[in-house]
Each structure stands twice: as C-alpha cells, then as structure tokens.
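Everything on this sheet refers to the single structure shown next.
Residue numbers count from 1 along this sequence. Just follow the structure's listing: the first ligand is 1, and inside any ligand the first atom is 1.
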Amino acid sequence: MCGIVGYVGDKQCLPVLIEGLKRLEYRGYDSAGIALINGRDLIVVKDAGKIRNLEDEIRRTDLPAACLGIAHTRWATHGAPTRENAHPHVDCRHRIAVVHNGIIENNVALRQKLEAEGHRFTTETDTEVLAHLIEKYYEGSLEQAVRKALLLVEGTYGIAVVSADEPNRIVGARNGSPLVVGVGRGEYFIASDVSAMLRHTRQVIYLDDKEIVTLTTEGFTTTTILDRPVDKLIEEISWDLEQIEKEGFDHFMLKEIFEQPRCIENALRGRLVGEDGTAHLGGLNMTTEELRSVDRIIITACGTSWHAAMIGEYMIEEHARVPVEVEYASEFRYRNPIVRPGTLVIVISQSGETADTLAAMREAQRKGARALGIVNVVGSTIARESDGGVYIHAGPEIGVASTKAFTSQVAVLSVLTLCLARLHALSRPEGQRIVQELHSLPEKMSRILDSAPSIARIADTYARHNNFLFLGRGYSFPVALEGALKLKEISYIHAEGYPAAEMKHGPIALIDENMPVVFVCTRDSGYEKVLSNMEEVRARKGRIIAIASEGDEMMRTKADHVIFIPQTLEKLTPILAVVPLQLLAYYIAVRRGCNVDQPRNLAKSVTVE
Ligand code: AGP
C-alpha cells in the first residue's frame, strides 16, 4: 500500500504535494519522492525514509517554481526501501515520470523484453517497467501511451503519470488500487484517497477499475482503458480527515480486519501454479534440489506470528512429511538448539524487527542454518539479513493487534507448503485442490465479514465478563490461541487458549455459568471430539460461543451462540475461523471503552528483549 498525490492548477504545487504526502503517510512510509514539471523540464527529487527526509532533500535542492506535479509515499513490495527504488520512476530519456500503488505481476517478463529492446533500468522495482513501457509507446499523446502500456500489464495499479513533453497534463489510471480525482476551481488533484486533497476541495470523483483520467487546468476527461468515454459523478465528501485515513472505519484494527480478503489475494498473487498444483516463490533463493534435501524445519517467531508458525508446522508435516519444530524466538535464542546441515530455519515476523526473532535468526545462521524470513515490512532487518524469504504483502498494519498479517502469514505458509509438498508426498490433484481452495478464500472471508453485526450483538452480551476460554483441536488449536491473544490484548480480559481435549486436565475447574467458552468446532477431523468437549462445558453450565461450518444447524442446539463460516479444506480453515474471533475481540474491546488501536503497555514492534 503506497500513497499517491498529484496536482495541476495555478498554485505552486510543492506545498500541496508535501501536505498531501503527509496525509497519506499512514499508507506507507519507507521512502518518498516528487516529480515536478516546470513548463519544460521534469525534475525529480526523492529520498529513503520518512517524508521529513524528502523535505530536507528538497531544501538542499534549488527547485524551480512549478504548478504541476506528482508525489508518492512508498510501502515497498519489490526492492528495498532505498532512494533509488523510491518513486517517481522515470524513463530512459528522463521525460516521463510515474508514481504507482499496486503490484505489476508480470514485471519480470516485461522488464526482460524492454531491456532486450535497449531500455536501461536503474531500480529493483516492478513499477519502473511502466515508465519504460509508456516511453516505448509515446508518440505525442501521453494518455494513449499510458493506455497502450496498461493493456500489457497484469496486476494492480493506481498510477499518476506526467511528461515534460505535455507540461499541462497528468494522466491517472486504476485497477485494483484506489484513485480519486479532486475537482477544484481551475485546479485538479489526483490521490490514493481524499485525505490528500481535503483541505483544497470536497468535490471528488472515484475512478473505477480499468479507467483512465486526464487532468489539465481546463478540466478532466475519463475513459475506459479501451478508450470509451465514461461519465463520472462528482460527489461531495462529508467525512473528516481521521475518518478518511481509516476509510470510514472507526479504528485501524477494524479496517485491517475488513482488508483481509484483499490481503489474501495479494499474498497469493502470482505465486500459485494451478495446472501443476504447486507454487513458485522466487525469493527463497533455493534450488529445487536444495529444497528437496531439507530434512528438518524449525519455525521461530513471537506472539501472533508464532501462532501462524504452528499452523505452518501442521501443514508442512501433513503434506511435505518433513519434521517441523516451532519455537518461541525468545527461547530459541538462549537455548543451544541443534542445527544440522539439512535444517532449514524459517522466521516469521510482521514487522521484521522483533528483537527476539531477529536474535533467534542470527543464532541459527551462526550455527550454519539457512534462514528464510516470512515478513511483511520490506527492507526490515529480518528481510535484509535472512538468506531468502517471502513477503506477505499485507500492506502497513497500523493497529497494534495483528490481524491481516496473521491471515496473510498463514496464506504464505500454505503456499510454501505447496512448494515443499509437491517435491515430496503431495500428488498433483491434491495440489490442484489446494490451489483451487486458496483462490476461493477471499470470497469466503467476505461472507464472514458480512456477519459482523451479529458478532457485535454477541459482544454486547459478553463484554462485561472477565474471563474467557478458547478451545479447538488440530488446526483449530492455534486459532483458539490467537482468539484468546486478540481478546486479552485489546480488551484486557483474561483469556486462555487450549487444545479442547486438554480442558479436562485442569481448565474445566473454571467452568461455571460465568465462564464463556469459545469453541472452534468446524466440520473437520476433530469435529465429533470437540462436540463431546462442548457437552462437558454445557454440563457445568458454561456459556458456549461456537464457530461452526455453514449448514451445521445442529450446532444451534449445542451452543448459546453460533457464528457460521463457509467450509474449506481443514488446513485452510484457520484463515477463515480466526476472522470472527478478531471481530469478537474488537467489538468487546469497543464495548469496554478500550483503546483498540493502541492498547496499554503494548507496542507495534517489540524491538527490545
Ligand atoms: C499481535 O497482535 C501482537 N501485537 C504481537 O504478539 C506480535 O505478533 C509479536 O510481537 C510479533 O511481532 P512480529 O510479527 O512483528 O515479529
């Protein structure tokens, strides 16, 4: 997720762009840049780090006056967060500049072709292909060149493009990434969201996928990518700035919970090979032979990422038949773990900066292990120091309680499982079935999100309870752990997660009419056994909230409240089953008046021991 802003009008555009970037910084903040057209020339300034670094760089540069420009704040997906990789990206002749939010899936193939044709690339980004493609097709009309370029592109984009050869024009386009046009008096704006332009205008049009807009001081035109004119409605914005950053949600956590279908698409994008029932992960830096010779895997992580690791353990052992151990990074780093030549260490971290996880990875590497990182933040320390890895592409997670990173981590672990398992025991049809189910998850997740209002009503009933138990078996056990962690983090309610069968070995002593018990009881291999555990709770008058499979009407007779989720493969159920638990924790915390996005005593990135 990156932020784009552009301006054409009669004002000096630099202050407008910088202010817009600051408003968009919540969308990404690892580097930033601007491109100005001063009537004749294209001037580009960019820097790594926060927007204040860009401001310092601008102060050091003698910039000419300009009334047209585009700007970008980056959340890296392809290439480290360096000055070179910061947007805008330019063509070989330094006449065209592009800012982009999204992922160009076929960037490698396009780049190879363009390089063979003589284009010189200077960055590691996927975006740079756009600048060169537009250059290739430029024959006097920027809009037509953008159109031709986009027809060759697979993936998602929200872009703004300028050319020194058409100094009064910005061309924008979107497909899967948001883009809004602001309509002022003799001035026009383009941005990833309206927060970047709200101080100047409340009149906006929202572009739809595969639409192109051209802005000049005289007005704007909108067409489809196939060059058919489209009429757009000008809408009046009534939201305030804070609401806009949260896209209308009350909290970042809720916004991030609702982003998950899109995040799963991003985590899977370009990685699944349906026909072969397998997957490609380019960043592993391991040959097929090296992958096949891995005879033991250690996954290490903290908190929510550790819960994802457990699901990874179950999946890899079930399908690749390679032994997996999951360790808390804080324990691993201080033990004397056994690492042999065939041992692969996988570290999972949303932030890529967690001190214990980083130290565990360094310890493993010191002992000769190859370490792979499953990380969200591109260019973070774990991403840089690991020997290879996979980005989860969840975009910035602002809420301290991790939600979309967890489901994206599990999605990536299932992709990694496919890669490994197809080199071992998994058959092609079984692999194809997993690929097919993975593709169906975003839609199934959206259906669960539709049930948010009924989950909020359950939260009303239980918001004043001070203890909760979360139980599940098999793949649902880590989900129970994650449900309990979410609740305690943001509502300060004491909550414990257990394997359902362990209840009788102790926690059952706690059960009475004041103890809500959340069961993850979907129709899978442990179903009947979990039903028996439910009976044990009912017999002691415990209150039951069940996460059950759609169609399991009998569950209504067993539980006080049932939240239904669509069925999927057992191993993929965690990606769906955790969503109602995130929502339940969220609504309970809100009912208790807690600071959901910044819970007490917690930090987003734990960089201390
Ligand atoms: C999750 O809700 C927590 N905030 C916390 O457990 C977190 O998952 C843990 O600190 C690990 O963070 P990381 O994934 O950034 O390494």
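Within the listing of ligand 1, atoms 2 (O), 4 (N) sit less than 4.0 angstrom from a heavy atom of Val400. Each of the atoms 8 (O), 13 (P), 14 (O) of ligand 1 lies under 4.0 Å from some heavy atom of Ser305. Here is the list of ligand 1 atoms found below 4.0 Å of a heavy atom in Lys486: 1 (C), 2 (O). Atom numbering of ligand 1 starts at 1 in the shown order; those under 4.0 Å from a heavy atom of Ala401 are 2 (O). The contact set between ligand 1 and Ser349, taken as ligand atoms under 4.0 Å from a residue heavy atom, comprises 13 (P), 14 (O), 15 (O), 16 (O).
Evaluated by nearest non-hydrogen atom to atom 11 (C) of ligand 1, the leading choice among Ser402, Ala405, Cys302 is Cys302.
Side-chain atoms of Asp387 do not come within 3.5 Å of backbone N or O of Arg370 as any donor-acceptor pair. Remark: the backbone N or O of Gln567 is paired with a side-chain donor or acceptor of Lys444 at under 3.5 angstrom.
Residue Glu353 does not touch ligand 1, judged by heavy-atom distances below 4.0 Å.
The aromatic ring centres of Phe468 and His494 sit 6.0 Å or more apart. Phe249 and Phe258 have their aromatic ring centers within a separation under 6.0 angstrom.
Side-chain atoms of Ile493 and Arg592, non-hydrogen and from C-beta on, do get closer than 4.5 Å to each other.
Atom 10 (O) of ligand 1 has Val606 CG2, 3.9 Å as its closest protein atom, hydrogens excluded (heavy atom only). Distance from atom 4 (N) of ligand 1 to its nearest protein heavy atom, with residue and atom name: Glu489 OE2, 2.9 Å. Of the protein's non-hydrogen atoms, Thr304 OG1, 3.1 Å is the one closest to atom 1 (C) of ligand 1. Looking from atom 13 (P) of ligand 1 to the surrounding protein, the closest heavy atom is Thr354 OG1, 3.2 Å.
Side chains of His319 and Lys571: a donor-acceptor N/O pair is present below 3.5 angstrom, by distance only. Side-chain atoms of Gln350 and Ser305 include no donor-acceptor pair closer than 3.5 Å.
Backbone and side-chain nitrogen or oxygen atoms of Gln350 are examined, and one is located within less than 3.5 angstrom of a nitrogen or oxygen of ligand 1. Ligand 1 has an N or O atom lying under 3.5 Å from an N or O atom of Ser351, backbone or side chain.
The stretch residues 349-375 participates, sequence neighbours left out, in no ring-ring contact (aromatic ring centres under 6.0 Å, His included) pair at all.
Residues meeting the ring-ring contact (aromatic ring centres under 6.0 Å, His included) test with His561, sequence neighbours left out: Tyr462.
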